[in-house]
Amino acid sequence: QVQVVESGGGLVQAGGSLRLSCTASGLIFDGYAMGWFRQAPGKEREGVSCISWSGVRTYYADSVKGRFTISRGNAKNTLYLQMNSLKPEDTAMYYCAASYYNGYDGLPSRDDEYSYWGQGTQVTVSS
């Protein structure tokens, strides 16, 4: 059974930092591209960042480029999102998701390419 579990969310002041982690079990982690998404109340889900299985290829939404860094530790089956210079508009539930990409070091282009999703971790940035 595949499980995807996020952690590391919390309350932080604007300008602060948080590091989110996502641990996946029940799958061969280095066969999956991974992504971070977020959804604020009343807003649509937004793709924040994603990373290929090797970690070589990454993507960032314009809203987080230069502030967030995605990385992964395949030996630990863990995905990370380092979030710096946080803004109140970063407040949202953050989700981790896995997309099967075995043998191809690419990046998913659509949300429906992700097969497994976590339950989310809340990030709240106060002004």
Side-chain angles (χ1 to χ4, degrees):
Q1 181 181 358
V2 175
Q3 284 191 316
V4 177
V5 180
E6 303 93 339
S7 62
L11 173 63
V12 64
Q13 288 189 331
S17 298
L18 282 174
R19 188 195 198 200
L20 305 184
S21 298
C22 167
T23 301
S25 60
L27 51 75
I28 301 174
F29 189 70
D30 61 7
Y32 286 77
M34 300 294 295
W36 286 102
F37 295 80
R38 66 186 182 186
Q39 189 167 20
K43 294 188 177 181
E44 291 189 356
R45 185 173 63 197
E46 173 190 17
V48 174
S49 182
C50 59
I51 187 168
S52 65
W53 72 262
S54 72
V56 171
R57 300 178 188 272
T58 59
Y59 160 84
Y60 296 94
D62 287 343
S63 56
V64 306
K65 203 171 292 183
R67 300 187 297 122
F68 290 10
T69 303
I70 193 170
S71 61
R72 62 189 295 162
N74 286 348
K76 296 184 177 181
N77 281 23
T78 303
L79 175 73
Y80 305 97
L81 186 68
Q82 178 66 44
M83 305 186 297
N84 298 329
S85 302
L86 282 162
K87 304 175 181 180
E89 51 264 44
D90 294 317
T91 295
M93 186 72 78
Y94 282 71
Y95 299 92
C96 168
S99 176
Y100 187 62
Y101 258 67
N102 194 33
Y104 175 59
D105 201 27
L107 295 174
S109 58
R110 304 187 313 273
D111 290 10
D112 63 7
E113 292 187 57
Y114 290 87
S115 305
Y116 303 106
W117 294 78
Q119 295 299 306
T121 185
Q122 177 68 38
V123 172
T124 303
V125 184
S126 63
S127 57

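All values below come from the heavy atoms of this structure, side chains included, with hydrogens, waters and symmetry mates left out.
In this structure, a donor-acceptor pair under 3.5 Å is absent between the side chains of Thr23 and Asn77. Side chains of Glu46 and Ser63: a donor on one and an acceptor on the other come within 3.5 Å.
The NZ atom of Lys87 sits 14.0 Å away from atom OG of Ser127, with the distance rounded to the nearest 0.5 Å. From Leu107, atom CG reaches atom OH of Tyr59 across 10.0 Å, with rounding to the nearest 0.5 Å. In this structure, CD in Gln122 is found 7.5 Å from OG1 in Thr91, a value given to the nearest 0.5 Å. Asp90 CG to Met83 CE: the interatomic distance, rounded to the nearest 0.5 Å, is 7.5 Å.
With a 4.5 Å cut-off on side-chain heavy atoms, Val64 and Arg38 count as touching.
Distance alone, capped at 3.5 Å, is enough to place a donor-acceptor pair between the Asn74 side chain and the Trp53 backbone. For the pair Glu6 (side chain) and Gln119 (backbone), a donor-acceptor distance under 3.5 Å is present. Panel note: side chain Gln82, backbone Thr69; no donor-acceptor pair is recorded below 3.5 Å. A donor-acceptor pair is defined here as one N or O able to donate and one able to accept, closer than 3.5 Å; no such pair exists between the side chain of Ser115 and the backbone of Ser99. Checking side-chain atoms of Arg57 against main-chain N and O of Ser52 turns up no donor-acceptor pair under 3.5 Å. Judged purely by atom type and a 3.5 angstrom limit, Tyr80 has no side-chain atom pairing as donor or acceptor with the backbone of Arg19. Judged purely by atom type and a 3.5 angstrom limit, Tyr60 uses its side chain to pair as donor or acceptor with the backbone of Ile70.
By the 4.0 Å N-to-carboxylate-O rule, Lys65 lies close enough to Asp62 to be salt-bridged with it.
The two residues Pro108 and Tyr101 come nearest to each other via the heavy atoms CA-OH, 3.4 Å. The minimum heavy-atom distance between Ser17 and Asn84, with the atom names listed, is OG-OD1, 2.9 Å. For the pair Tyr94 and Leu20, the tightest heavy-atom approach, listed with the atom from each and the gap, is CB-CD1, 3.6 Å. Between Gly26 and Val2, the shortest heavy-atom distance links the atoms O-CG2, 3.4 Å. Nearest heavy atoms, Phe37 versus Ala97: CE1-CB, 4.0 Å. In terms of heavy-atom proximity, Ala92 sits nearest to Ala40 at CB-N, 3.8 Å.
Linking ILVMFWY side-chain heavy atoms closer than 4.5 Å, directly or via other members, places Tyr100 and Met34 in a single hydrophobic cluster. Residues Val48 and Val125 share a single hydrophobic cluster, defined by chaining ILVMFWY side chains whose heavy atoms lie under 4.5 Å apart. Following chains of ILVMFWY side-chain contacts shorter than 4.5 Å, one can reach Trp36 starting from Val123, so the two form part of one hydrophobic cluster. By the criterion of side-chain heavy atoms lying less than 4.5 angstrom apart, applied directly or through intervening Ile, Leu, Val, Met, Phe, Trp or Tyr residues, Leu79 is grouped together with Val4 in one hydrophobic cluster. No continuous path of ILVMFWY side-chain contacts below 4.5 Å connects Met93 to Phe68, so the two sit in separate hydrophobic clusters.
The aromatic rings of Tyr32 and Tyr116 are tilted relative to each other, their planes meeting at an angle between 30° and 60°. The aromatic rings of Trp117 and Tyr95 sit perpendicular to each other, their planes meeting at more than 60°, with 30° as the lower class boundary.
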Worked check of side chain to side chain contact (heavy atoms under 4.5 Å, CB included) between Thr121 and Ser7: CA-CA 6 Å; Thr121 185; Ser7 62; 5.6 Å; no
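Within a 6.0 Å radius of CD1 in Ile28, no more than 12 heavy atoms belonging to other residues, nucleotides or ligands are found.
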